Every structure is written in C-alpha cells, then in structure tokens.
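Have a look at the structure below, then the notes.
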Amino acid sequence: MSLIYIRRATRADLPAIMPIIANAKALLKADGSPQWQDGYPDEAGITRDIDAQQSWLLMIDGHVAGTAAQVIADDPNYHEIAGDGWANTTDPYATIHRIALSADYAGQHLSHYFFSNLISMAYHDGIRNFRIDTHNMNQRMQAIATSLGYQFRGIVHVDEPGDNARRAYELHLD
C-alpha cells in the first residue's frame, strides 16, 4: 500500500513540479484547449505560489505526484460573473488554481484525493466556501469539479491573454 499525503511545496520542488505542469499543458493542447498554451503557468508564477505558502504537492511514496495552488483570498477575476452568480458573496473562500497531476499516476483518480485534502485543509482553517474556474474545453476539470459537488455559477474572465473566458464553479460546505 502506498503512502499518500499532501504537503506544502518548497523551491527545491520546482524540478519535480515543472515537468508535471508541462505535461498538463501538452494534455490540454491535445484536447484542443487553448488553456495554458501561452506560457502560463510558468516557473516564476509557481515560485510566487511557493513563496506565498499557497503551493501544495500530492505525494506518493515520497514522489511528487501532483501540484496545485490553493489561494484563500479575494480573487479579482471573480468580481464580475455572467450567469447565476455566486451563491455566497460574503464569506471568505478558497480557490484551487494550477492543479496538475503527473502522467506517471494517470487513471488512479488521485485528483479527487488531492482536491479532498486541499478542501479539508482550508475547512480546518474555517473556510466553508470554495471556487474554481476552468476553460470551456477542459472537460476533465469540469467533470472533477461537478463530481466533488461544485455547482456551475457562470462565466468569469481571468487575467490571461487570449481566450480568457472560464466556467466558474462554487462549493459550499456547512
């Protein structure tokens, strides 16, 4: 049985993180999605996540199997939303960004484990609201979000060049 856990990333983890990001970019490209095809996310951005203590790793038997940023702060990209809108606009929320899993662990449903642990960490710190956004063509992320109970709320536009419309999802836990 494998030892699976999450931990905060450090700068020393960058050589393990960046190939996972590169693989995720290639997977999105193969799906025909323009998401992450313009250089984002890059090493400088991942380093900023690490320095801000927002970068997390999914570890399996001591190996980096996934990477994500969890930001507990107001996201200016979410101020304007077309559609039903956010169900909760008053409480703090956590947003999971830049999540990617290593191709070495594909098909093991580890994204659910990773999301669950990230949500649990924020819940432990008093956060009950969670948001995520993804490109319309990123069917994988949409399926993961809805399977975890996230509800589609509308379309936001993120601060990225090119096709920056994103499907926005929200999860509220009591």
Side-chain angles (χ1 to χ4, degrees), residues 5-9 17 20-21 24-25 27-28 31 33-42 44-58 66-101 109-174:
Y5 59 97
I6 68 170
R7 69 166 173 83
R8 289 193 195 273
I17 294 170
I20 294 171
I21 295 292
K25 289 178 181 185
L27 191 59
L28 287 166
D31 288 345
S33 176
Q35 189 176 6
W36 288 15
Q37 299 306 304
D38 58 4
Y40 170 90
D42 60 11
I46 301 295
T47 301
R48 283 190 297 276
D49 290 340
I50 291 168
D51 292 347
Q53 297 290 299
Q54 297 172 336
S55 183
W56 291 89
L57 300 178
L58 174 65
T67 179
Q70 178 159 262
V71 180
I72 301 174
D74 181 50
D75 188 330
N77 291 312
Y78 292 167
H79 289 179
E80 293 184 27
I81 181 169
D84 292 340
W86 303 114
N88 185 320
T89 59
T90 55
D91 294 327
Y93 59 89
T95 307
I96 297 172
H97 289 295
R98 297 174 286 287
I99 188 165
L101 294 175
H109 305 286
L110 292 170
S111 57
H112 290 83
Y113 181 89
F114 200 7
F115 265 94
S116 176
N117 276 266
L118 290 168
I119 291 167
S120 293
M121 296 290 287
Y123 190 92
H124 180 267
D125 291 337
I127 302 298
R128 301 296 182 261
N129 296 292
F130 301 87
R131 296 179 182 177
I132 192 167
D133 65 80
T134 193
H135 193 276
N136 188 51
M137 294 183 74
N138 191 340
Q139 299 294 314
R140 285 182 186 90
M141 186 54 65
Q142 291 172 48
I144 291 166
T146 56
S147 73
L148 291 166
Y150 281 82
Q151 301 294 312
F152 174 70
R153 295 296 181 198
I155 303 296
V156 297
H157 289 83
V158 298
D159 186 21
E160 293 177 26
D163 182 359
N164 67 354
R166 300 290 184 267
R167 294 178 59 86
Y169 294 84
E170 182 179 35
L171 173 68
H172 179 76
L173 303 174
D174 292 320

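Note that the structure is a prediction, hence the values are computed from the model and not measured. By convention here, the first residue in the shown sequence is residue 1.
- Within a 6.0 Å sphere centred on NE2 of H109, heavy atoms belonging to other residues, nucleotides or ligands number 12 at most.
- Interatomic distance, CD1 of I50 versus CD1 of I17, reported as 4.0 Å (0.5 Å rounding).
- With sequence neighbours excluded, the residues that form a salt bridge (charged side-chain N to carboxylate O under 4.0 Å, His left out) with D51 are R11.
- Looking at residues two or more places apart in sequence or on another chain, you find a side-chain contact (heavy atoms from CB on, under 4.5 Å) between A24 and W36, A100.
- Legend: residues meeting side-chain hydrogen bond (donor to acceptor under 3.5 Å, both in side chains) with S120, ordered by chain and number and at least two apart, are absent.
- When the shell of 6.0 Å around CD of E80 is examined, it contains 12 or fewer heavy atoms from other residues, nucleotides or ligands.
- Partners of Y113 under the ring-ring contact (aromatic ring centres under 6.0 Å, His included) rule, at least two apart in sequence or in another chain, do not exist in this structure.
- At most 12 heavy atoms of other shown residues, nucleotides or ligands fall within 6.0 angstrom of atom NE2 in H124.
- Partners of R8 under the salt bridge (charged side-chain N to carboxylate O under 4.0 Å, His left out) rule, at least two apart in sequence or in another chain, do not exist in this structure.
- W86 contributes a side-chain N or O that, together with a main-chain N or O of Y78, makes up a donor-acceptor pair within less than 3.5 Å.
- Applying the ring pair (Phe, Tyr, Trp, His ring centres under 6.0 Å) test to every pair with at least one member in residues 137-163, sequence neighbours left out, gives these pairs: F152-Y169.
- Counting only heavy atoms from C-beta outward, the side chains of L148 and H112 approach each other to under 4.5 Å.
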Requested in this report: For side-chain contact (heavy atoms from CB on, under 4.5 Å), just list the numbers for D31 and N138, CA-CA rounded to whole Å, side-chain angles, deciding distance to a tenth of an Å, and then say yes or no.
Outcome: CA-CA 8 Å; D31 288 345; N138 191 340; 5.7 Å; no
Requested in this report: Could you check Y93 against D75 for side chain to side chain donor-acceptor pair (under 3.5 Å), going step by step and ending with a plain yes or no?
Outcome: CA-CA 9 Å; Y93 59 89; D75 188 330; 5.7 Å; no
Requested in this report: Could you check I99 against F115 for side-chain contact (heavy atoms from CB on, under 4.5 Å), going step by step and ending with a plain yes or no?
Outcome: CA-CA 9 Å; I99 188 165; F115 265 94; 3.6 Å; yes
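- Take R167 and apply the salt bridge (charged side-chain N to carboxylate O under 4.0 Å, His left out) test, not counting sequence neighbours, and it matches no residue.
- Between L28 and Q35, the shortest heavy-atom distance links the atoms CD1-O, 3.5 Å.
- Across every non-hydrogen atom of L171 and G149, the tightest pair is CD1-O, 3.5 Å.
- A122 pairs by the side-chain contact (heavy atoms from CB on, under 4.5 Å) definition with Q70, I72, A94, I127, F130, not counting sequence neighbours.
- The CD1 atom of I20 sits 6.5 Å away from atom OG1 of T67, with the distance rounded to the nearest 0.5 Å.
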Requested in this report: List the steps and the verdict of side-chain contact (heavy atoms from CB on, under 4.5 Å) for M137 and D163.
Outcome: CA-CA 11 Å; M137 294 183 74; D163 182 359; over 6 Å; no
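- Within the model, atoms OG1 of T146 and CD of Q151 stand 8.5 Å from one another, a figure rounded to the nearest 0.5 Å.
- What you find for Q37 and S33 is that their closest heavy atoms are CG-O, 3.4 Å.
- More than 12 heavy atoms of other residues, nucleotides or ligands lie within 6.0 Å of CG in D91, so this atom counts as buried by the packing criterion.
- The heavy-atom pair separating H135 from P34 by the smallest distance is NE2-CG, 3.3 Å.
- Panel note: side chain D84, backbone R153; no donor-acceptor pair is recorded below 3.5 Å.
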Report task. Let me see the working for H97 and Q54 under side-chain contact (heavy atoms from CB on, under 4.5 Å), right down to the final yes or no. Result -> CA-CA 10 Å; H97 289 295; Q54 297 172 336; over 6 Å; no
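- Checking side-chain atoms of Q142 against main-chain N and O of R140 turns up no donor-acceptor pair under 3.5 Å.
- Considering CG of N117 and CE of M121, their distance stands at 8.0 Å, rounded to 0.5 Å.
- Residues satisfying the side-chain hydrogen bond (donor to acceptor under 3.5 Å, both in side chains) criterion with N136, sequence neighbours excluded, are absent altogether.
- D42 is linked by a side-chain contact (heavy atoms from CB on, under 4.5 Å) to A44, counting only residues two or more places apart in sequence or in another chain.
- Under the side-chain contact (heavy atoms from CB on, under 4.5 Å) criterion, H172 pairs with N88, R128, N129, D174, sequence neighbours left out.
- Residues satisfying the salt bridge (charged side-chain N to carboxylate O under 4.0 Å, His left out) test with D38, not counting sequence neighbours, are none.
- Looking at E170, its side chain does come within 3.5 Å of a backbone N or O of A87 through a donor-acceptor pair.
- Considering only heavy atoms from C-beta on, K25 comes within 4.5 Å of P41 through its side chain.
- Atom-to-atom distance recorded for L118:CG and T95:OG1 is 12.0 Å, nearest 0.5 angstrom.
- Counting only heavy atoms from C-beta outward, the side chains of I21 and I46 approach each other to under 4.5 Å.
- From L101, atom CG reaches atom CG of L58 across 6.5 Å, with rounding to the nearest 0.5 Å.
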